[in-house]
Amino acid sequence: MDIKQNFIDGKWVNSISNKTRSIINPFNQEVIAQVAESDETDAQHAIAAARKAFDTGDWPRLSTAERSKIVRTIAELIERDKEELARLESLDTGKTVEESRWDMDDIAGVFHYYADIADKDGGEIIDSPIPNSISKVVKEPVGVCGQITPWNYPLLQASWKLAPALVSGNTVIMKPSEITPLTTVKVFELIEEAGVPNGVANLVLGAGDTVGAELSKNEYVDLISFTGGIETGKKIMQSASINMKKIALELGGKNPNIIFADADLETAVDQALNAVFFHAGQICSAGTRILVEESIHDMFVDALVKRVENIKLGSGFDEATQMGPLISQEHLNKVIDYVEMGIEEGATVAAGAKRPENPELLKGFFYLPTILTNCTTNMNVVQNEGFGPVITVEKFNTEEEAIKFANDSIYGLSGGVWTKDIAKAERCVANMRMGTVWINDFNIYFPHAPWGGFKQSGNGRELGRLGLEEYQETKHVFQNLNPEPINWF
Ligand SMILES: NC(=O)c1ccc[n+]([C@@H]2O[C@H](COP(=O)([O-])OP(=O)(O)OC[C@H]3O[C@@H](n4cnc5c(N)ncnc54)[C@H](O)[C@@H]3O)[C@@H](O)[C@H]2O)c1
Ligand SMILES: C[N+](C)(C)CC=O
């Protein structure tokens with residue numbers, strides 16, 4: 001089996017230690033690849049290459065239009081290789097190939113979007129209060145960017161970082177999750193094919209506490225962009241303070257989905273399932289916290305349970321499959337413990353709460369779609385992110401109560417409101433402390449709109465114009481057109 005290597009300074013190389021890691025298919029635990037297992041020294045080599053490319057190379061000095069052309073080529077190459085990338089993503093993550101195909105369309109769309117918008121903002125002329133002067137604001141790249149991604153949407157999260165960073169003239173070191181690096185490796189082949197100069201885009205494969213920690217603390221890195229869990233985010237924030245790196249953190253969520261009695265209930269039930277069970281609930285913005293108006297609670301739960309029992313689990317490569325496995329044994333154990341905790345706290349199992357018995361699924365890390373009722377806001381199972389196919393259901397009686405419960409969380413990533421009363425929906429939205437709120441929908445994201453969290457769900461934004469600005473410094477340039485001595489001293 002070939003070893004998937006690091007890409008440093010335009011060359012594919014083994015880790016210096018020559019160590020490798022096996023990548024496991026979560027559907028059957030088979031080894032699907034061997035990848036380089038790098039450490040701090042490999043990261044330092046990549047940082048040195050990125051530093052040199054930024055400080056002395058052409059990339060930051062090209063016109064934005066020239067960089068946009070190359071970024072657009074990356075988008076086109078992703079479109080060309082969409083099917084290969086989608087199948088690789090499913091092999092690595094266990095998600096259905098159909099979901100992976102949607103991801104690949106989104107990913108190509110992100111590269112297209114940033115290629116399209118990057119040269120549309122050439123800065124700003126300020127109306128200077130000082131006579132005979134010119135005052136202007138220009139945007140420049142930040143410098144060397146460390147980028148760290150999670151295992152659940154490996155290439156999608158990488159694209160949200162790579163496309164804006166590259167188009168605005170930065171150089172990067174990408175560290176994908178050590179569990180699911182395969183599509184990121186493939187996209188670095190496409191980055192090479194597109195003609196990105198040596199040292200501009202570097203890839204280092206390895207663990208978080210070695211490669212990731214080095215990127216976070218190294219003084220030659222100017223910005224760190226991280227997507228992952230809160231506890232890791234806190235460590236990165238601390239390390240980044242060493243040289244006052246800019247930081248962008250996209251962290252977890254326990255996202256409320258508020259269902260009022262006057263909602264279109266057939267659609268609300270259907271979408272509440274989509275909001276959670278895509279990718280087995282391993283989505284930062286999964287609507288795993290259902291808040292339902294008491295008058296429709298029993299009917300709503302019954303409708304959910306009936307649908308949940310029919311969800312077809314299986315291989316992501318089987319067209320009939322609706323939900324794949326969890327990512328790893330370690331993560332499966334966490335989800336099992338999370339549900340046990342909920343039951344011990346007094347939640348009632350309305351569906352699932354165990355592994356499937358189908359012998360064909362026993363080798364995979366499967367867990368049944370689960371619904372826990374009789375939950376209350378103070379329970380750990382409601383407050384903590386489970387990151388699995390598990391819904392907790394709470395009741396509310398008034399609009400005020402719904403908002404109060406929804407906001408009672410350390411998280412603030414996303415939420416949804418279902419009602420036909422648009423004034424009520426807007427009142428809720430205005431009071432919900434989350435980076436994204438959907439009205440009569442859930443889990444919608446696209447390149448044009450910003451994505452990010454309030455509270456402990458993170459800081460900074462990805463996607464949209466704000467996602468580009470994360471990778472730009474702002475410089476004020478003042479020019480005196482009539483310099484004369486002041487004669488103060
Ligand atoms: N807000 C978002 O947009 C978003 C999107 C996807 C996932 N997430 C969150 O990601 C989490 C799941 O992903 P995960 O389990 O891969 O998260 P994680 O925090 O364990 O790991 C994320 C990445 O950080 C690296 N890492 C681990 N320790 C590190 C350290 N000390 N220093 C630097 N890097 C380190 C890992 O190797 C991995 O590449 C969930 O909480 C989920 O909500 C958030
Ligand atoms: C940001 N998103 C929704 C694509 C993936 C979160 O895990």
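Numbering starts at 1 and runs along the sequence shown. When a ligand or atom number is given, it counts from 1 through the structure's own listing order. Only heavy atoms go into these numbers, but all of them, side chains included; no hydrogens, no water, no symmetry mates.
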Out of curiosity, [X] [atom1] to [Y] [atom2], how far, rounded to the nearest 0.5 Å?
X    : Y    : atom1 : atom2 : value
D103 : Y153 : CG    : OH    : 5.5 Å
N152 : T227 : CG    : OG1   : 9.0 Å
T73  : R80  : OG1   : CZ    : 11.0 Å

### Query
Quick one: which of G228, G146, P150 has a heavy atom closest to atom 9 (C) of ligand 1?
G228
### Query
So between I179, T210, L463, T232, whose heavy atom ends up nearest atom 29 (C) of ligand 1?
T232
Do [X] and [Y] come close enough that some side-chain heavy atom pair is under 4.5 Å?
X    : Y    : result
R289 : V382 : yes
V196 : I74  : yes
L203 : T184 : yes
Q322 : L313 : no
W418 : I258 : no
V185 : V35  : no

What are the atoms of ligand 1, with element, lying closer than 4.0 Å to any heavy atom of [X]?
X    : answer
K235 : 31 (N)
N152 : 6 (C), 7 (C)
G212 : 32 (N), 33 (C), 34 (N)
L251 : 1 (N), 2 (C), 4 (C), 44 (C)
T149 : 23 (C), 38 (C), 39 (O)

Please check whether [X] reaches ligand 1 - meaning an N/O of the residue sits under 3.5 Å from an N/O of the ligand, judged on distance alone.
X    : value
E385 : yes
K175 : yes
G208 : yes
G229 : yes
W151 : yes
T227 : no

### Query
At under 4.0 Å between heavy atoms, which part of W160 makes contact with ligand 2: side chain, backbone, both or neither?
side chain
Take a 6.0 Å sphere around [atom1] of [X] and say whether it holds more than 12 heavy atoms from other residues, nucleotides or ligands.
X    : atom1 : result
K52  : NZ    : no
Q329 : CD    : yes
R433 : CZ    : no
K4   : NZ    : no
M237 : CE    : no
D2   : CG    : no

#### Entry: Least distance between heavy atoms, G252 atom then Y411 atom
O-CD2, 3.2 Å
### Query
Any N or O on N152 sitting closer than 3.5 Å to an N or O of ligand 2?
yes
### Query
Does any N or O atom in F387 lie less than 3.5 angstrom from one in ligand 2, N or O only?
no
Show the atoms of ligand 2 that are less than 4.0 angstrom away from any heavy atom in [X].
X    : result
L156 : 4 (C)
S285 : 3 (C)
I283 : 3 (C), 6 (C), 7 (O)
Y445 : 3 (C), 4 (C)
Y153 : 5 (C), 7 (O)
W451 : 1 (C)

### Query
Considering only protein heavy atoms, which is closest to atom 6 (C) of ligand 2, and at what distance to one decimal place?
C284 SG, 2.4 Å
### Task
Report the nearest protein non-hydrogen atom to atom 5 (C) of ligand 2: residue, atom name, distance rounded to 0.1 Å.
Q157 OE1, 3.2 Å
## Note on the structure
Under 4.0 Å between heavy atoms, the region of F226 that gets near ligand 1 turns out to be side chain
### Query
Is it the side chain, the backbone, both or neither of Q157 that has a heavy atom closer than 4.0 Å to ligand 1?
side chain
Heavy atom of [X] under 4.0 Å from ligand 1?
X    : answer
A213 : yes
S177 : yes
W451 : yes
F387 : yes

### Query
For the residue pair W160 and W451, does the interplanar ring angle fall in the parallel (under 30°), tilted (30 to 60°) or perpendicular (over 60°) class?
perpendicular
### Query
Nearest protein heavy atom to atom 19 (O) of ligand 1: under 4.0 Å?
yes
